[in-house]
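All remarks here apply to the structure that follows.
Numbering of residues begins at 1 and proceeds along the displayed sequence. Just so it is clear, the structure is predicted and the values come from calculations on it, not from any experiment. Whatever order the structure lists ligands and atoms in, that order sets their numbers, starting from 1. Side chains are part of it too, since the values below use all heavy atoms of this structure and drop only hydrogens, waters and symmetry mates.
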Amino acid sequence: MVERSWAEINLAALERNLRLIKDSLPPRVRYISVVKADAYGHGILPTVARLMQSNIDLFAVANVKEASEIREMGSGWPILILGPLLDEENEALLELDLIPTLSSQIELDRLCALSRKHQKKIPAHLKIDSGMGRYGIWREDAIELINEIKKCPEIKLCGALTHFAQPSDLEFTAEQRAHFLSILDQTQIHKENDFWVHADNSSSLRSFDRQTIFNAVRIGLLQFGVSPPQGSILADLPVEPVLSFHARLAMIKKLPKGTSLSYGRQFTLKRDSRIGIVSAGYGDAIPLPCGNHAFGLVDGNPYPLVGRVTMDQTLIDLTDAPPDIELGQKVTLIGRQGNEEILLSELATHAKTIPWELLCSITKRVTRVYTTKRE
Ligand SMILES: *Cc1c(COP(=O)(O)O)cnc(C)c1O
């Protein structure tokens, strides 16, 4: 089948990134690989298969459905669910041998009941809301919940975590850390054998403190070779992009000066032009706001996208390209051609969004092609 748009995913780069991140952390710090949302659009099965060979300590996903996809690949790999479970999902915890996150009396009661029903102890990580205002027991109520958990022998509390709201704000993040650590200090839950204490994600690694009791990190974006937009990370790691995105130059046409392009007529040609039609649109992975802002690489050179992006086709201004430009050739929207490179984070900026969302908006129509380039 001829591909009209495809994402090339370099699994060797993923592994190199992982090693780079791990090497920059103290050896006692364990690596939780976050592979929610189809491994950030990279395709959960091939990504996870590679990560299983790469020395990660724990997989984290958003929900039971995602966990079940990993579980189908084999038993034994520990999988942590990061979000709140629906009551009907609880049975799957035991069936699939998953580790839930716990943040409320309601969840504790459900887990205890489940454990009694199946006569099986359930491991769980406690999520504390130290200032994110999302999932997690609010910090002022955390000690009370911990006391309740201690009364419940059916639950094996084996970790505690919190999540940062704005890692670029070092002061607020430090406060969140302090709130979280003070709860551990008062309850001493982390003194249990083999207890996981984690907070840091890709964006907060910058403020990771090697001396503290944090002994795990939860990494999503960075392992895929995309540096978070807000400031540098630990040691400014030179991670490599894992994903590149390409389409093809389907047609070229000449249009006279003064012609308006595409829906809404948001772009008018200022000169006689040669306009290329790229075989992908927002139905693939090119966000609507990229029209008139982003670029595509053709034959190693960048050319501007013009007019509004449509579902299946995007226009590119090739007026300045050599006259003999070939139809059918690759147009790169994310990735490298020769000496030119378009970073995913740049396309995200043009799309007025964040890299995480851009990765999640690569649709099913885009074939994922897996490579293991050594570079
Ligand atoms: C998604 C997520 C992460 C990973 O964040 P990145 O910024 O992609 O590294 C970590 N922790 C939680 C709770 C998450 O939901």
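For ligand 1, the atoms lying closer than 4.0 Å to a non-hydrogen atom of Tyr40 are 1 (C), 4 (C), 5 (O), 6 (P), 8 (O). Applying the 4.0 Å criterion to heavy atoms of Trp356 picks out, from ligand 1, the atoms 6 (P), 7 (O), 8 (O). Set against the non-hydrogen atoms of Arg134, the atoms of ligand 1 under 4.0 Å away are 15 (O).
Between Arg19 and Glu15 a salt bridge is recorded (basic side-chain N to carboxylate O distance below 4.0 Å). Taking 4.0 Å as the cut-off between side-chain N and carboxylate O, Asp87 and Arg110 count as a salt-bridged pair. Using a cutoff of 4.0 Å between basic side-chain nitrogens and carboxylate oxygens, Lys330 and Glu3 are not scored as salt-bridged. Using a 4.0 Å cut-off between charged nitrogen and carboxylate oxygen, Lys373 and Glu8 count as a salt-bridge pair. The existence of a salt bridge linking Asp284 and Arg365 is confirmed by a sub-4.0 Å separation between a basic side-chain nitrogen and an acidic carboxylate oxygen.
Protein heavy atom nearest atom 12 (C) of ligand 1, with residue, atom name and distance: His163 CE1, 3.3 Å. The protein heavy-atom contact nearest to atom 15 (O) of ligand 1 is Lys36 NZ, 2.6 Å.
Polar contact with ligand 1: absent for Lys127 (N/O pair, distance under 3.5 Å). Any N or O atom pair closer than 3.5 Å counts here, and Leu221 shares at least one such pair with ligand 1. Distances between N or O atoms of Ser202 and those of ligand 1 include at least one value under 3.5 Å. Residue contacts with ligand 1: Gly220 is placed with a nitrogen or oxygen under 3.5 Å of a nitrogen or oxygen of the ligand (distance criterion only).
For the ligand labelled ligand 1, residue Leu82 lies inside the 4.0 Å heavy-atom shell. Using a 4.0 angstrom heavy-atom cutoff, Met132 does not count as in contact with ligand 1.
One option in Gln223, Arg218, His198 has a heavy atom closer to atom 10 (C) of ligand 1 than any other, and that option is Arg218.
In this structure, Arg71 fails the cation-pi test against Trp77, since its NZ or CZ atom is not both closer than 6.0 Å to the six-membered ring centre and inside 45 degrees of the ring normal.
Outside the 6.0 Å centre-distance limit, the rings of Tyr31 and Phe59 are not counted as a close aromatic pair. Aromatic pair Phe224/His42: ring centres closer than 6.0 Å.
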